[in-house]
Amino acid sequence: MATQAFRIDDGGDWSAASDGVSRFGVYLGRSGFELVEDAASFATSVVRVALPPVMSPGYVRQHPRVQDVSALRGDAGELVFAVSLVSALPAALEAMGRRSLGWERERFAGQVSWLEPVRCDRVGLLPVLVVRVPVPVEALPAPRYRADGAPELGAAKRAVQVVVAELERVVAPVLQALEPHGAVA
């Protein structure tokens, strides 16, 4: 079975919607958006809302190894998402790793989480792999807003779909390589 890095949870979005339409849409309405006119800034803002910690659980669900997702902008307007993943220690540090604290794995309701160690009495080595994923700005929808200034739900969901498709295309194979035999370790 292929490892999935990111997925949009439309079913959960609808079933948990306090307005009967979209939980994501409710969060968009509460987020106090600054009106932007470029597609990259719009996508960055709506993706930020779609992910934890703004929405928890997120409209976009992510693999347990994903620690952070942040957007970067290039000088020419390029849009890049940096995805931080829990990783294994490089082979050169394995001996040191046996004497130090590392990522702690916790299972809750069948889900694995990687957490920083609680103890502070030893050196901690917490390897993270950062994957930078360019998102084609021309594939993003133009920003659209409701009368109250909140992003229009259809445009916001389309922007999230474009970003998630690119993240999934690039990050899923990386996660597959990190997971022994495709299992969540």
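This is a predicted model, so every value here is computed, not measured.
- The other residues sharing a hydrophobic cluster with Val80 are Leu72, where clustering joins ILVMFWY side chains under 4.5 Å apart.
- With Glu168 contributing its side chain and Ala5 its backbone, the two residues share a donor-acceptor pair below 3.5 Å.
- Taking each heavy atom of Leu35 and Gly149 in turn, the nearest pair found is CD2-O, 3.5 Å.
- Under the 4.5 Å side-chain heavy-atom criterion for ILVMFWY residues, no single connected hydrophobic cluster contains both Val128 and Met96.
- Pairs passing the ring-ring contact (aromatic ring centres under 6.0 Å, His included) check and including a residue from residues 135-175, sequence neighbours excluded, read Phe42-Tyr145.
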Scan the side chains in residues 45-60 for donor-acceptor partners under 3.5 Å anywhere in the protein, sequence neighbours excluded, and list what turns up.
residue : atom : partner : partner atom : Å
Ser45   : OG   : Ser41   : O            : 3.1
Tyr59   : OH   : Asp10   : OD1          : 2.8

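- The side chain to side chain donor-acceptor pair (under 3.5 Å) search around Glu166 returns Arg169, not counting sequence neighbours.
- Pairs passing the salt bridge (Lys or Arg N to Asp or Glu O under 4.0 Å) check and including a residue from residues 68-77, sequence neighbours excluded, read Asp38-Arg73.
- Looking at every heavy atom in both residues, Ala71 comes nearest to Thr44 through CB-CG2, 3.5 Å.
- Applying the side chain to side chain donor-acceptor pair (under 3.5 Å) criterion to Arg122, with sequence neighbours excluded, gives no partner residue.
- In this structure, the side-chain contact (heavy atoms from CB on, under 4.5 Å) partners of Glu106, at least two apart in sequence or on a different chain, are Leu115.
- Both Leu167 and Val131 are assigned to one and the same hydrophobic cluster, defined by single-linkage of ILVMFWY side chains at heavy-atom distances under 4.5 Å.
- Checked by atom type and distance alone, the side chain of Arg65 pairs as donor or acceptor with a backbone atom of Val86 at under 3.5 Å.
- Taking Pro173 as the reference, nothing meets the side-chain contact (heavy atoms from CB on, under 4.5 Å) condition, with sequence neighbours excluded.
- Under the 4.5 Å side-chain contact rule for hydrophobic residues, Leu126 and Trp114 share a cluster.
- In this structure, Leu125 CG and Glu94 CD are separated by 11.5 Å, a value rounded to the nearest 0.5 Å.
- Closest non-hydrogen pair, Ala142 versus Ala155, comes out as O-CB, 4.1 Å.
- Contact between Leu140 and Ala40 at its shortest, heavy atoms only, is CD1-CA, 3.9 Å.
- Apart from Trp14 itself, the hydrophobic cluster it occupies contains nothing, where clustering links Ile, Leu, Val, Met, Phe, Trp and Tyr at side-chain heavy-atom distances under 4.5 Å.
- Sorted by first and then second residue, the side-chain hydrogen bond (donor to acceptor under 3.5 Å, both in side chains) pairs involving residues 19-32 (not counting sequence neighbours) are Asp13-Ser22.
- The two residues Ala156 and Leu28 come nearest to each other via the heavy atoms CB-CD1, 3.6 Å.
- Nearest heavy atoms, Trp103 versus Pro127: NE1-O, 3.0 Å.
- Two different hydrophobic clusters hold Leu178 and Leu89 under the rule that ILVMFWY side chains link at heavy-atom gaps under 4.5 Å.
- Evaluation of the salt bridge (Lys or Arg N to Asp or Glu O under 4.0 Å) test over residues 111-121, restricted to residues two or more places apart or in two chains, returns Arg119-Asp121.
- Checked against side chain to side chain donor-acceptor pair (under 3.5 Å), Arg61 has the following partners two or more places apart in sequence or in another chain: Asp9.
- By the criterion of side-chain heavy atoms lying less than 4.5 angstrom apart, applied directly or through intervening Ile, Leu, Val, Met, Phe, Trp or Tyr residues, Val171 is grouped together with Leu129 in one hydrophobic cluster.
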Original post:
Taking it one step at a time, do Phe6 and Val66 satisfy side chain to side chain contact (heavy atoms under 4.5 Å, CB included)?
Top reply: CA-CA 9 Å; Phe6 296 92; Val66 175; 4.1 Å; yes
